[in-house]
Asks: 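The following block contains the structure, expressed as structure tokens.
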Amino acid sequence: GESVGLHLPTLSVQEGDNSIINCAYSNSASDYFIWYKQESGKGPQFIIDIRSNMDKRQGQRVTVLLNKTVKHLSLQIAATQPGDSAVYFCAETNTGFQKLVFGTGTRLLVSP
Amino acid sequence: DAMVIQNPRYQVTQFGKPVTLSCSQTLNHNVMYWYQQKSSQAPKLLFHYYDKDFNNEADTPDNFQSRRPNTSFCFLDIRSPGLGDAAMYLCATGKQGNQPQHFGDGTRLSIL
């Protein structure tokens with residue numbers, strides 16, 4: 001069977017709270033960043049992206065912040081709902097390449 | 001509405017028995033990717049096709065092969081599956097430039 005995986009960092013919040021998921025990326029040359037949401041038994045689903053010429057981008061209930069100085073990315077989810085429970089991955093890439101480098105992932109648990 | 005379709009969703013094979021996983025897309029993207037994902041881990045890129053050009057990752061075992069007969073379809077062949085190959089296999093598509101990859105819902109492979 002499968003080998004035992006690492007334990008994912010877990011963030012537990014109450015419904016209605018705001019959630020912040022953090023990610024440290026590795027390559028200072030990366031210029032495009034994506035957040036994915038992965039529910040159990042499904043593939044990663046695109047949430048929001050940001051280019052390196054921006055430091056903030058907002059979507060519906062989600063905001064991504066980029067700090068290139070310290071190579072840090074965060075995903076903020078407003079008014080978190082039980083349906084937001086999933087594993088969240090950040091990913092980085094460089095425009096010249098077609099390959100994504102994924103972060104380790106964070107499990108978000110939202111309790112009613 | 002599914003744009004990246006993987007078949008089957010669940011596959012069981014015997015140790016050492018060749019298996020093929022399939023992926024199709026309706027997005028007309030020129031890049032197609034195969035990832036392996038084990039429990040509580042991030043997706044790991046095995047290889048990708050940029051149009052017809054095959055790009056293998058350095059640490060992808062020789063046991064894993066891929067075919068892309070046309071833009072829409074891509075196959076993952078595992079020639080002699082071992083127990084360590086039990087995992088979720090994800091297909092994704094993309095375009096050149098700052099665009100997110102789109103993932104299918106994966107095929108979960110079990111080895112008996």
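In what follows, chains carry the letters A, B, and so on, assigned in the order in which the sequence lines appear, proteins first and then strands, with residues in each chain numbered from 1. No hydrogens, no waters, no symmetry mates; every other heavy atom, side chains included, goes into these values.
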Asks: Under 4.5 Å from any heavy atom of chain A, what part of B/Glu57 do you find: side chain, backbone, both or neither?
Replies: side chain
Asks: Examine A/Tyr25 and A/Trp35 and state if one hydrophobic cluster contains both, with Ile, Leu, Val, Met, Phe, Trp and Tyr joined whenever side-chain heavy atoms are less than 4.5 Å apart.
Replies: yes
Asks: Under 4.5 Å between side-chain heavy atoms, counting indirect links through other Ile/Leu/Val/Met/Phe/Trp/Tyr residues: same cluster for B/Met32 and B/Leu45 or not?
Replies: no
Asks: Does any non-hydrogen side-chain atom of A/Arg107 lie less than 4.5 Å from one of B/Ser40?
Replies: yes
Asks: Output the distance between atom CD (A/Gln38) and atom CE (B/Met88), rounded to the nearest 0.5 Å.
Replies: 7.0 Å
Asks: Give a yes or no on whether B/Leu112 and B/Leu21 share a hydrophobic cluster (residues Ile, Leu, Val, Met, Phe, Trp, Tyr; joining criterion: side-chain heavy atoms under 4.5 Å apart).
Replies: no
Asks: For A/Ile34 and B/Gln101, work out which heavy atoms get closest and say how close.
Replies: CD1-N, 4.4 Å
Asks: With side-chain contact (heavy atoms from CB on, under 4.5 Å) as the test, pick out the partner of B/Pro100 among A/Ile48, A/Ile47, A/Asp49.
Replies: A/Asp49
Asks: I need the minimum non-hydrogen distance between B/Pro43 and A/Pro44, along with the two atoms involved.
Replies: CG-CG, 4.4 Å
Asks: Give a yes or no on this: more than 12 heavy atoms of other residues, nucleotides or ligands lie within 6.0 Å of atom NZ of B/Lys95.
Replies: no
Asks: Indicate the atoms forming the closest heavy-atom contact of B/Gln41 with A/Phe89, along with that distance.
Replies: O-CZ, 3.7 Å
Asks: Would you say B/Tyr49 and B/Tyr89 are hydrophobically clustered, going by side-chain heavy atoms of ILVMFWY under 4.5 Å?
Replies: yes
Asks: Can you tell me how far the NE2 atom of B/His102 sits from the OH atom of A/Tyr36, to the nearest 0.5 Å?
Replies: 7.0 Å
Asks: Could you tell me whether B/Asp62 atom CG has more than 12 heavy atoms of other residues or ligands within 6.0 Å of it?
Replies: no
Asks: Nearest 0.5 Å, what's the CZ-NZ distance between A/Phe102 and B/Lys44?
Replies: 13.0 Å
Asks: Any side-chain heavy atom of A/Phe46 within less than 4.5 Å of one from B/Phe103?
Replies: no
Asks: Linking I/L/V/M/F/W/Y whenever their side-chain heavy atoms sit closer than 4.5 Å, directly or via other members, would B/Phe73 and B/Val31 fall into one cluster?
Replies: no
